[in-house]
2 protein chains.
Amino acid sequence: MPRNAPVLRIDLASARPVYEQIVSGLRALLVKGEFEPGDQLPTVRQLAIDLGVHHNTVAEAYRVLAAEGWLDLRRGRGAVVIDRRGPKATAGAKHGFARRLEELVAKAISDGVPRATIAEHIGAFAKKLGKT
Amino acid sequence: MPRNAPVLRIDLASARPVYEQIVSGLRALLVKGEFEPGDQLPTVRQLAIDLGVHHNTVAEAYRVLAAEGWLDLRRGRGAVVIDRRGPKATAGAKHGFARRLEELVAKAISDGVPRATIAEHIGAFAKKLGKT
DNA sequence: GGGCATTGTCTATTGTATACGTACAATGTA
DNA sequence: TACATTGTACGTATACAATAGACAATGCCC
């Protein structure tokens with residue numbers, strides 16, 4: 001039984017590929033627990049209309065998430081959230097995360113965000129994450 | 001007077017554009033303070049050889065960093081690190097950072113990295129950042 | 001000052017990826 | 001069984017990434 005679909009916002013003007021934004025945004029919602037296993041996601045056509053893109057673009061995003069084990073896709077039925085058992089993290093995954101984090105923070109600093117602001121935000125995020 | 005150039009590692013097999021990896025990696029080093037204003041960066045050709053790519057690929061990365069105010073580029077002279085005065089952060093920059101962070105963490109969790117590990121890593125990172 | 005190597009820049013060219021248009025196949029429903 | 005719904009497959013237009021190679025500005029050495 002699907003709840004009200006959480007809002008997913010994308011930036012059509014961004015250089016970042018739209019399908020990638022959809023993947024990343026939906027994955028964040030899934031990890032956050034915004035969907036229960038068995039929940040229906042919007043159909044590729046419906047979400048495409050909402051976002052103002054072609055339905056194949058959404059379909060591509062859904063396929064990525066399906067490959068990661070988040071979704072079950074079937075014609076005529078739609079996209080259903082799966083009770084997912086995540087993989088074990090590889091050393092590369094951890095290392096890659098650490099590097100990406102450093103680069104992301106460096107970008108923010110380069111953009112003028114004060115270090116204190118970033119540190120505060122990150123610290124709060126870590127605290128919230130630890131409680132889960 | 002240039003120091004020994006810190007190692008910059010890129011992944012040619014990654015789908016992420018090489019020039020973007022170079023930009024992101026070098027920016028992180030610059031923010032970290034690995035270079036002093038006035039330091040020479042490797043020439044586009046030298047770094048290209050080190051990384052195994054074409055010198056135009058490195059040149060493109062250097063141009064991005066120059067546009068951000070990190071580098072001064074001149075023919076015959078090379079790439080010199082500038083004493084940079086960063087911009088003031090826009091609201092969009094802060095917001096974008098927050099979203100990207102959430103997506104990055106979600107990806108790591110999806111890849112199987114334990115939440116506790118991430119929280120720990122982020123927390124330590126925030127602490128180190130706050131001290132600066 | 002002249003000659004020459006060095007270094008970043010410019011202009012194609014090629015391969016690849018993104019997004020779209022359209023037709024198709026599988027599923028659900030009346 | 002019809003028919004609508006939904007994801008999929010395939011072709012195409014366009015933009016981007018990376019390369020190749022020639023060019024222009026600078027520095028250096030005699």
Side-chain angles (χ1 to χ4, degrees), chain A residues 1-2 5 8-27 30 35 38-82, chain B residues 1-2 5 8-27 30 35 38-82:
Chain A
M1 201 174 301
L8 175 65
R9 300 182 61 80
I10 63 171
D11 178 11
L12 291 177
S14 166
R16 199 176 174 204
V18 172
Y19 87 93
E20 193 184 309
Q21 295 184 51
I22 298 173
V23 168
S24 199
L26 280 182
R27 191 196 288 117
L30 287 162
F35 297 97
D39 278 1
Q40 286 269 347
L41 253 57
T43 69
V44 293
R45 283 173 176 79
Q46 185 56 53
L47 185 53
I49 291 172
D50 292 349
L51 300 178
V53 298
H54 197 271
H55 65 263
N56 274 347
T57 301
V58 176
E60 173 64 20
Y62 276 19
R63 272 190 288 269
V64 173
L65 291 171
E68 289 183 7
W70 287 109
L71 303 181
D72 179 48
L73 299 177
R74 297 211 200 151
R75 313 190 219 204
R77 184 177 307 180
V80 179
V81 177
I82 294 182
Chain B
M1 199 175 303
L8 176 65
R9 299 182 61 81
I10 63 170
D11 179 11
L12 292 176
S14 166
R16 200 176 172 203
V18 171
Y19 88 95
E20 195 184 307
Q21 295 183 51
I22 298 173
V23 169
S24 200
L26 280 182
R27 192 198 287 117
L30 288 162
F35 297 98
D39 279 0
Q40 286 269 348
L41 255 55
T43 68
V44 293
R45 284 173 176 79
Q46 184 57 53
L47 185 53
I49 291 172
D50 292 350
L51 300 178
V53 297
H54 196 271
H55 66 262
N56 275 346
T57 301
V58 176
E60 172 64 20
Y62 276 17
R63 273 190 286 270
V64 173
L65 290 171
E68 289 182 8
W70 287 108
L71 303 181
D72 179 46
L73 299 177
R74 294 208 204 154
R75 309 191 225 204
R77 185 176 306 180
V80 178
V81 177
I82 293 182

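Letters go in sequence order (proteins before strands), and every chain restarts at 1. Only this structure's heavy atoms are used, side chains among them; waters, hydrogens and symmetry mates stay out.
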Here the distance between atom C1' of dT9(C) and atom CG of L73(B), to the nearest Å, is 10 Å
When every non-hydrogen atom of L73(B) is compared with those of A66(B), the smallest separation belongs to CD1-CB, 3.9 Å
- prompt: Can you find a heavy atom in the side chain of L71(B) that is under 4.5 Å from one in the side chain of V81(B)?
  reply: yes
Shortest non-hydrogen pair, I22(B) vs A61(B), comes out as CG2-CB, 3.6 Å
Distances for protein N or O near nucleotides 20-23 of chain C N or O, under 3.5 Å:
from: dC20(C); atom 1: OP2; to: H54(A); atom 2: N; distance (Å): 2.7
from: dC20(C); atom 1: OP2; to: T57(A); atom 2: OG1; distance (Å): 2.8
from: dG21(C); atom 1: N7; to: H54(A); atom 2: NE2; distance (Å): 3.0
from: dG21(C); atom 1: O6; to: N56(A); atom 2: ND2; distance (Å): 2.3
from: dT22(C); atom 1: O4; to: H55(A); atom 2: NE2; distance (Å): 3.3
from: dT22(C); atom 1: O4; to: N56(A); atom 2: ND2; distance (Å): 3.4

Here the salt bridge (Lys or Arg N to Asp or Glu O under 4.0 Å) pairs for residues 56-65 of chain A, sequence neighbours left out, are E60(A)-R63(A)
DNA chain C nearest-nucleotide lookup for Y62(B) and R16(A): closer to the 5′ end is Y62(B)
Please classify the nucleic acid contact of A15(B) as base, sugar-phosphate, or nothing, using heavy-atom distances under 4.0 Å. nothing
Rounded to the nearest 0.5 angstrom, the CG-CG distance for L41(A) and D39(A) is 8.0 Å
Closest non-hydrogen contact found for T57(B) with Y19(B) is O-CB, 3.7 Å
When rounded to the nearest 0.5 Å, the distance separating CG of L30(A) from CG of L65(A) is 6.5 Å
Interatomic distance, CD@Q21(B) vs CG@L26(B), rounded to 0.5 Å, equals 11.5 Å
Residues in residues 19-26 of chain B with a heavy atom under 4.0 Å of DNA chain D, by number, are Y19(B)
Residues at least two apart in sequence or cross-chain that pass salt bridge (charged side-chain N to carboxylate O under 4.0 Å, His left out) with R16(B), listed by chain then number, are E103(A), E20(B)
Footprint ends on DNA chain D, 5' to 3', for atoms under 4.0 angstrom from a heavy atom of chain A, come out as dT5(D) to dC10(D)
D11(A) meets the salt bridge (charged side-chain N to carboxylate O under 4.0 Å, His left out) criterion, sequence neighbours left out, with none
Terminal axes of the helix from dG1(C)-dC30(D) to dA30(C)-dT1(D) (5 end pairs apiece), angle rounded to 10 degrees, sit apart by 20°
Result block: side-chain N/O donor-acceptor pairs under 3.5 angstrom for residues 43-51 of chain B, not counting sequence neighbours:
from: T43(B); atom 1: OG1; to: Q46(B); atom 2: N; distance (Å): 3.0
from: Q46(B); atom 1: NE2; to: D50(B); atom 2: OD1; distance (Å): 3.1

